[in-house]
Amino acid sequence: MLKVFRVLNEMVAAKVVETYAIGGAIAATFYVEPFATTDVDVFIPVALQGSGLVSLGPVYEHLENLNYHPYGAFVSIEGWDVQFLSIADQLTEEAVAEAVSFEIGEETVRVLKAEHLIAIALQTGRGKDFARVKMFKDLDVVDWSQVKDLIQKYGLEVQWQKYRALM
Amino acid sequence: MAKVSRSNVKQYPDISHQLKEKDDRRKQLAKLPVETKLRMVAKMRDAQMVLHAAKDSRKRDW
């Protein structure tokens with residue numbers, strides 16, 4: 001995992017991406033108990049192309065040069081399935097901007113805040129996302145007033161009610 | 001209609017103690033250093049990969 005963080009930091013140093021932040025299950029592990037996952041979600045800001053589409057081309061090209069090859073939605077980096085996700089809306093934009101830095105060994109890694117992870121999980125709304133929100137709730141490792149603000153700010157009330165009904 | 005009485009209601013064992021132990025264990029794991037937790041995630045991933053490889057080879061054997 002440290003090697004993945006190193007590759008990401010090198011991408012920032014080489015100006016392939018402006019910044020990044022880890023999300024998903026790996027980010028959750030920073031706050032709750034460890035659990036099984038095989039993929040690493042990485043949010044990156046990607047500029048719109050002339051066609052109006054986002055392109056991860058430069059990222060994939062940089063990684064190909066390092067012998068890390070894409071397959072499906074992932075790039076295999078040091079045995080991990082890394083998925084690069086472009087910032088899709090204001091919630092993820094805010095989440096990446098406010099990501100926190102952790103020192104892990106010799107690497108510094110940017111990770112989404114727990115409150116943003118919960119908001120994004122609610123927005124995504126799959127069973128496993130709701131289960132992850134429950135992990136945060138059980139362990140009480142978040143500022144729930146901040147989560148409530150995010151729910152209100154990004155119109156996630158319906159998703160919150162769905163979560164409450166299921167969990 | 002069958003009468004419901006204490007004698008014919010199935011008694012389930014009280015597992016509240018085990019649940020509390022499990023909850024305490026989760027809290028302990030959550031407090032581990034992040035580096036340790038990430039190593040544990042990597043080990044779980046390795047175990048999953050071994051399982052998948054075993055399943056694949058079994059499929060091939062058939």
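Below, chain A is the first sequence line, B the second, and so on; all start at residue 1.
Interface remark: A:F30 contributes backbone and side-chain atoms alike to the contact with chain B (heavy atom separation under 4.5 Å).
Interface check for chain A: of the options B:V41, B:L29, B:L32, B:D23, the most heavy-atom pairs under 4.5 Å are formed by B:V41. In terms of non-hydrogen atom pairs under 4.5 Å with chain B, the most contact-rich of A:F35, A:F102, A:W80 is A:W80.
When all heavy atoms are compared, the tightest approach of B:R26 to A:M135 is NH2-CA, 3.7 Å. Nearest heavy-atom pair across A:D138 and B:K27 is O-CE, 4.2 Å. Taking each heavy atom of B:K37 and A:P34 in turn, the nearest pair found is O-CB, 3.7 Å. Across all non-hydrogen atoms, the minimal contact from A:L139 to B:A30 is CD1-CB, 3.9 Å.
Residue B:K31 holds its NZ atom at 12.5 Å from CD of A:E33, rounded to the nearest 0.5 Å. Between atom CG of residue B:L38 and atom CZ of residue A:F5 there is a gap of 5.0 Å, rounded to the nearest 0.5 Å.
Annotation: B:Q18, atom CD; neighbour count of heavy atoms from other residues, nucleotides and ligands within 6.0 Å is above 12. The number of heavy atoms from other shown groups lying within 6.0 Å of CD (A:E98) is above 12. In A:E64, the CD atom is crowded: over 12 heavy atoms of neighbouring residues, nucleotides or ligands sit closer than 6.0 Å.
Of the candidates A:T38, A:D81, A:D39, A:T37, B:R45 forms a side-chain contact (heavy atoms from CB on, under 4.5 Å) with just one, namely A:T38.
A:V16 and A:V109 fall within the same hydrophobic cluster, where Ile, Leu, Val, Met, Phe, Trp and Tyr residues are linked whenever their side-chain heavy atoms come under 4.5 Å apart, directly or through other members.
The shortest distance between side-chain heavy atoms of B:M40 and A:T29 does not fall below 4.5 Å.
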